[in-house]
Amino acid sequence: MPDIHTNSGGVPPSGFGADLLVELNGPKLRAGLTDALREAVRTGRLAPGTRLPASRSLAADLGISRNTVTESYAELVAEGWLSAQQGSGTWVARRAEARTAAPAAARARPTQRRPTYGLLPGSPDLTDFPRMQWLSAARRALTAAPHEAFGYGDALGRVELRTALADYLARARGVYAEPERVVICSGFHHGLTLMAQALRARRVQAVAVESYGLDLYRDLLTGAGLRTPPLYVDEYGARTDELARLRGVGAVLMTPAHQYPTGVALSPDRRTAAVNWARATGGLILEDDYDGEFRYDRQPVGALQGLDRERVVYFGSVSKSLAPGLRLGWMVLPEELVPDIVTAKAHGDYMSSALEQLTLAEFIASGAYDRHVRSMRLRYRRRRDQLVAALAQRAPGIRVTGMAAGLQAVLELPRGTERTVVEAAARQGLAVSGIAQFCYEVADAGWQLPERDALVVNYAAPSDSAWAGALDALCRVMP
């Protein structure tokens, strides 16, 4: 079995210096040469751009026919391993551009300065993710997992997680939850996508949304073909008594425990009004309980779903309690909706990672989730207290509104100053959001949101080492 460099110098005349062994036995000769060349390219022994010997030269060097070499080259060109051009020879194909060879236009493009501090709402403190406890739970879950857990599984999700969630939600949030009503999804966005599909299949025309909220979710609903009439929000939460006058509405999306982003709770009479509307019309309440576990001045208000399990769809996730990157969320459904959601899942993201589900189930069952939530509740409460105290001392004209809850607070600004404060903060390397970006009004709503200038400040996101600097920068830009 001679190798490919058989001349006296160990390298073919063309400089082809690869250690390629070729079986030269009858009909296997071409396949052996092709396999040897392919393996040399795949393992990097023939680097991209390497020029191969002319077919005549390599054939003479190996003592084989030129047709054999030509056919091997042609096969590898067809597979994409080699490149060839008439009159220019054959070389190893470049499968990716070198990292240093960025186009001149790309090098000249100005890069956006990254903020030194980030107080944008939406994220918990990622530096405090319980890595070791999560790793321990993952090891226990993986050790105990049955073989079938690594198959395609149930569209509802792993029964271990659905069972753990049913118990946790019942005692922590007052949710009526049975494992058969719980569906695991990849966060709230995925759950709302599935719900929008199910609503359209039921011929629902419109889903009412709160007049303050994320346009991302409004766009998701409108993209599914649903209208999104706004429901006015004031200091008592959404005006649920106005649901009856909204034409064609079959569901309402709400954040009753802690309205996002204004930070108010839905008042008891409006909670009752929402449930009464759903019962009278057959409508659904889509309850986004995004941070219901974090209340600092009293016990958290129970979930709205506890008032009527057949008219309220409860959404939750670990995005605020642990980390959004885990992509784990859940829906607790009315019994009649379970088949609809399973059907919707079958047409898209059928299941979440079984290992992550099993890990979260173990994390909850072991008590680690409760301990982590308690720890973060204390941490975020201290952060909020420090924010309020710093503003009272350095910017006494700024009022903090909303409940002592969640991960963000609303700072009321003097009329007409929101935009200038956001721009001043950016110059200080501080990223903040004005409340204007969360407002939702339409021309025919019959009302208009009052003029309001405010910041929505996430006091939870900065690490401990960054918090003091972020707070100082925030106070400096206050009017």
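FYI, side chains are in, hydrogens and waters are out, and symmetry mates aren't considered; it's all heavy atoms of this structure.
- Ile184 and Lys345 get closest at one heavy-atom pair: O-NZ, 2.8 Å.
- Remark: side-chain polar atoms of Glu418 are paired, donor with acceptor, to backbone N or O of Ala436 under 3.5 angstrom.
- Residue Leu194 comes nearest to Ile341 through the heavy atom pair O-CD1, 3.9 Å, listed as atom of the first residue, atom of the second, then distance.
- At a threshold of 4.0 Å, the pair Asp453-Arg419 does not count as salt-bridged, since none of the basic side-chain nitrogens sits closer than that to a carboxylate oxygen.
- Using modelled atom types, one finds no donor on one side chain facing an acceptor on the other under 3.5 Å when comparing Ser352 with Gln357.
- For residues 212-226, no residue pair satisfies the salt bridge (charged side-chain N to carboxylate O under 4.0 Å, His left out) rule, not counting sequence neighbours.
- By the 6.0 Å contact criterion, CD on Glu180 is enclosed, its count of non-hydrogen atoms from other residues, nucleotides or ligands being greater than 12.
- Within a 6.0 Å sphere centred on CZ of Arg131, heavy atoms belonging to other residues, nucleotides or ligands number 12 at most.
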May I have the step-by-step check of side chain to side chain contact (heavy atoms under 4.5 Å, CB included) for Tyr117 and Leu474, ending in yes or no? CA-CA 10 Å; Tyr117 305 111; Leu474 179 67; over 6 Å; no
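- Side chain of Glu287 to backbone of Gln305: a donor-acceptor contact under 3.5 angstrom is found.
- Without hydrogens or angle criteria, Gln259 side chain to Tyr212 main chain gives a donor-acceptor distance under 3.5 Å.
- For the atom pair CG of Leu216 and CG of Leu221, the computed distance is 10.0 Å after rounding to the nearest 0.5 Å.
- When all heavy atoms of His258 and Met403 are compared, the pair lying nearest together is CD2-CE, 3.3 Å.
- Here Glu441 pairs with nothing under the salt bridge (Lys or Arg N to Asp or Glu O under 4.0 Å) rule; sequence neighbours left out.
- The number of heavy-atom neighbours closer than 6.0 Å to CZ of Phe150, taken from other residues, nucleotides and ligands shown, is above 12.
- Within a 6.0 Å sphere centred on CD of Glu148, heavy atoms belonging to other residues, nucleotides or ligands number more than 12.
- Using a 4.0 Å cut-off between charged side-chain N and carboxylate O, Asp385 and Arg383 make no salt bridge.
- No donor-acceptor pair under 3.5 Å is formed between the side chain of Gln197 and the backbone N or O of Ala224.
- Of the residues Thr255, Leu286, Asp289, the one that meets the side chain to side chain contact (heavy atoms under 4.5 Å, CB included) test with Phe315 is Leu286.
- For the pair Arg162 (side chain) and Pro179 (backbone), a donor-acceptor distance under 3.5 Å is present.
- The ring of Tyr290 has its center no closer than 6.0 angstrom to the ring center of Phe188.
- Asn458 places a side-chain N or O within donor-acceptor distance of the main-chain N or O of Leu120, the cut-off being under 3.5 Å.
- Of the N and O atoms on the side chains of Tyr217 and Thr228, not one donor lies less than 3.5 Å from an acceptor on the other residue.
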